[in-house]
Engineer: 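Pasting a structure below so you can have a look.
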There are 2 protein chains.
Amino acid sequence: MKYQEAIIEDLLTAAFQDEALRDAYYEAAQEKRFKKGDLLLEQGQICRHSYILLSGAVRGFYLKDGREVTTSFCFTSDVVLSLESATRLTPSPESFEVLEDSLVEVVSMEKMARLRERFPVFEKVWTLSMEAYAIWLEERLASLQFATAKERYDQLVERYPEIVRQVQLSHIASYLGITLETLSRIRAKG
Amino acid sequence: MKYQEAIIEDLLTAAFQDEALRDAYYEAAQEKRFKKGDLLLEQGQICRHSYILLSGAVRGFYLKDGREVTTSFCFTSDVVLSLESATRLTPSPESFEVLEDSLVEVVSMEKMARLRERFPVFEKVWTLSMEAYAIWLEERLASLQFATAKERYDQLVERYPEIVRQVQLSHIASYLGITLETLSRIRAKG
DNA sequence: ATAATTATTTGACATATGTCAAACGGCGAC
DNA sequence: GTCGCCGTTTGACATATGTCAAATAATTAT
């Protein structure tokens with residue numbers, strides 16, 4: 001999962017003026033460093049934490065027929081969690097792997113639930129995040145449905161120019177739904 | 001947009017025991033009949049209503065290079081609205097067309113907002129619907145990313161066996177991200 | 001019922017992408 | 001520095017899907 005929305009950032013910035021809220025949040029949250037290769041969550045486990053990326057990069061993937069299929073990339077200020085697993089308490093369909101040394105703010109879903117109950121602004125932020133995430137997914141779906149592989153690659157690089165430096169091509173190809181070789185050829189042609 | 005979740009249905013059933021809530025809802029809602037071919041919402045308009053399908057079928061689509069691209073189908077008990085347009089008050093990226101004579105419950109987004117403020121259960125239902133919708137989109141994305149056209153068609157028919165009778169193949173093909181001819185051949189092979 | 005329109009199927013061929021194999025290149029371990 | 005590993009590129013060929021055109025089949029209007 002991931003979100004990025006100016007309105008949400010503003011809401012949070014304003015909310016954090018409140019000392020009681022700030023204290024409650026920082027009591028629940030915990031900063032942690034992860035190293036390249038670490039797994040934040042493994043396929044099959046239940047997602048009990050929310051990871052806010054303060055710096056670094058993470059990729060979501062699952063295994064299909066013995067192959068890794070990359071479902072998402074998360075960068076600074078994105079939130080890493082399996083929505084399905086966290087909300088339904090079912091085994092996560094995907095794993096999340098740290099792609100480069102990362103600084104992360106960890107909040108347990110349980111504590112997050114209590115924060116949402118106690119401070120309506122957190123509930124509001126959660127709802128707005130869901131809306132933003134769903135809209136983002138709709139866009140990605142449309143792109144996957146009717147853009148060519150080259151168009152999808154160009155869109156991705158336009159949105160995340162750094163991605164080519166941070167992530168190896170095989171993962172990008174998988175994310176785009178094409179093979180490594182096809183991506184390599186797309187890049188060669190320019 | 002669409003949702004379908006047992007938990008949400010149960011929540012609503014329970015909530016409607018409350019007479020005050022029931023009255024408030026039915027004051028806001030309005031039953032309407034639409035005919036095949038009617039547009040519930042047109043691309044470019046702002047989505048100011050939510051349409052709950054009591055019976056019938058609706059398809060979402062947008063124009064790309066002069067061609068219609070089908071983005072979604074909605075059937076009984078699905079909710080029809082453009083999430084992006086309704087939440088951000090921006091022009092809708094898609095139109096919604098009635099595929100067969102339909103009975104619909106219409107609620108203006110404004111009145112819905114007031115219901116959400118007044119009755120927390122509506123707010124809860126909205127949030128749960130967003131979660132369910134996002135999870136549904138994630139699944140559809142994975143399917144589009146890594147299933148063959150035939151697998152996607154089989155999944156669709158398994159989930160909505162009626163669809164082949166209700167919706168013409170060109171729309172189904174578009175929804176699957178393939179051409180009409182390819183779908184026709186997939187069906188022929190069995 | 002008949003004609004007109006629209007939806008679907010089929011065929012021939014073009015294009016995009018996948019698969020397998022080999023070669024190339026950078027980078028760290030020693 | 002050299003070796004070996006890993007990621008990437010390139011080539012040859014296979015397969016899936018798209019495009020255009022024509023033929024049927026189904027639906028609608030008259």
Side-chain angles (χ1 to χ4, degrees), chain A residues 35-38 57 59 61 63-70 73 97-101 141-157 160-190, chain B residues 35-39 56-57 59 61 63-70 73 97-101 141-157 160-190:
Chain A
K35 287 202 174 280
K36 179 173 176 172
D38 288 352
R59 119 188 133 97
F61 68 95
L63 287 175
K64 192 197 171 185
D65 311 331
R67 293 188 183 192
E68 287 189 359
V69 172
T70 295
F73 297 112
E97 177 198 10
V98 175
L99 293 176
E100 54 186 47
D101 294 5
L141 203 49
S143 151
L144 206 53
Q145 202 176 351
F146 287 100
T148 64
K150 169 152 177 49
E151 286 170 343
R152 275 177 274 146
Y153 174 72
D154 290 344
Q155 284 169 18
L156 183 68
V157 173
Y160 305 104
E162 296 293 280
I163 202 172
V164 184
R165 205 179 40 73
Q166 292 177 291
V167 181
Q168 69 188 52
L169 292 189
S170 55
H171 296 154
I172 296 178
S174 175
Y175 177 80
L176 295 173
I178 58 180
T179 61
L180 168 61
E181 294 92 330
T182 298
L183 177 57
S184 179
R185 289 183 176 113
I186 286 171
R187 283 159 50 87
K189 283 181 199 165
Chain B
K35 287 200 174 280
K36 178 173 178 172
D38 288 353
L39 288 183
R59 117 187 135 98
F61 68 94
L63 287 174
K64 192 195 173 189
D65 312 330
R67 291 188 185 193
E68 287 189 359
V69 172
T70 295
F73 297 112
E97 177 199 11
V98 175
L99 294 177
E100 55 187 44
D101 294 6
L141 203 49
S143 151
L144 207 52
Q145 202 175 351
F146 287 100
T148 65
K150 169 152 179 51
E151 287 169 343
R152 275 177 274 146
Y153 175 72
D154 290 343
Q155 285 168 19
L156 183 68
V157 173
Y160 306 104
E162 296 292 280
I163 202 171
V164 184
R165 205 178 40 73
Q166 291 178 293
V167 181
Q168 69 187 52
L169 292 189
S170 57
H171 296 154
I172 296 179
S174 174
Y175 177 80
L176 295 172
I178 59 180
T179 61
L180 168 61
E181 295 92 331
T182 298
L183 177 57
S184 180
R185 288 182 177 114
I186 286 172
R187 282 158 52 86
K189 283 182 202 165

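Quick note on labels: first sequence line is chain A, next is B, and so on, each numbered from 1.
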Engineer: Could you check how far CZ of A:Arg165 sits from P of D:dG7, rounded to whole Å?
Structural biologist: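 In whole Å, D:dG7 P and A:Arg165 CZ are 17 Å from each other.
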Engineer: Tell me the interatomic distance from B:Tyr153, atom OH, to D:dT17, atom C1', rounded to whole angstroms.
Structural biologist: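 Going from OH in B:Tyr153 over to C1' in D:dT17 covers 17 Å.
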Engineer: Can you name the closest pair of heavy atoms from A:Ala57 and A:Gln166 and give their distance?
Structural biologist: CB-NE2, 4.1 Å
Engineer: Taking all heavy atoms of A:Ala149 and all of A:Ile186, pick out the closest pair and write down the distance.
Structural biologist: CB-CD1, 3.6 Å
Engineer: Once you round it to whole Å, what is the distance between C1' of D:dT8 and CD1 of A:Ile178?
Structural biologist: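 These atoms are roughly 14 Å apart.
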Engineer: Let me know the distance between CD1 of B:Ile186 and P of D:dA16, rounded to the nearest Å.
Structural biologist: 11 Å
Engineer: Can you see which heavy atom on A:Ile172 is nearest to which on A:Leu156, and at what distance?
Structural biologist: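 For A:Ile172 versus A:Leu156, the nearest heavy atoms are CG2-CD2, 3.8 Å.
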Engineer: For the pair made of CD in A:Glu151 and C1' in C:dT15, what is the distance, rounded to whole Å?
Structural biologist: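 Answer to the nearest Å: 15 Å.
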Engineer: Keeping the roles fixed (side chain from B:Gln145, backbone from A:Ser174), state whether a donor-acceptor pair exists under 3.5 Å.
Structural biologist: yes
Engineer: Rounded off to whole Å, could you give me the CD-to-C1' distance for the A:Glu68 and D:dG7 pair?
Structural biologist: 14 Å
Engineer: For residues B:Val164 and B:Tyr153, report the shortest heavy-atom separation together with the two atoms involved.
Structural biologist: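 Looks like CG2-OH, 3.8 Å.
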Engineer: Rounded off to whole Å, could you give me the NZ-to-C1' distance for the B:Lys64 and D:dG18 pair?
Structural biologist: 14 Å
Engineer: Can we call the ring centroids of A:Tyr160 and A:Phe73 under 6.0 Å apart?
Structural biologist: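 Judged by ring-centre distance (under 6.0 Å), A:Tyr160 and A:Phe73 do not meet the cut-off.
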Engineer: CG of A:Leu176 versus C1' of C:dT17: gap in Å, rounded?
Structural biologist: 13 Å
Engineer: Go through the structure and list residues passing side chain to side chain donor-acceptor pair (under 3.5 Å) with A:Glu97, not counting sequence neighbours.
Structural biologist: A:Arg59
Engineer: On DNA chain D, compare the nucleotides closest to B:Arg152 and B:Lys36; which residue's is nearer the 5' end?
Structural biologist: B:Arg152
Engineer: Just by protein heavy atoms under 4.0 Å, how would nucleotides 4-14 of chain C read 5' to 3' in B, S and -?
Structural biologist: ---SBBBBB--
Engineer: Would you please confirm or rule out a distance under 4.0 Å between OP1 or OP2 of D:dT17 and any side-chain N or O of B:Thr179?
Structural biologist: no
Engineer: Return the minimal non-hydrogen interatomic distance between B:Lys64 and B:Val69, and the atom names on each side.
Structural biologist: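 For B:Lys64 and B:Val69, the tightest heavy-atom pair comes out as CB-CG2, 4.0 Å.
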Engineer: Starting from the first five and the last five pairs of the helix from C:dA1-D:dT30 to C:dC30-D:dG1, work out the angle between the resulting helix axes, to 10 degrees.
Structural biologist: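 Both end axes considered, the difference amounts to 40°.
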Engineer: When you measure from the side chain of B:Asp101 to the backbone of B:Lys35, do you find a donor-acceptor pair of N or O atoms at a distance under 3.5 Å?
Structural biologist: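 It does not hold such a pair.
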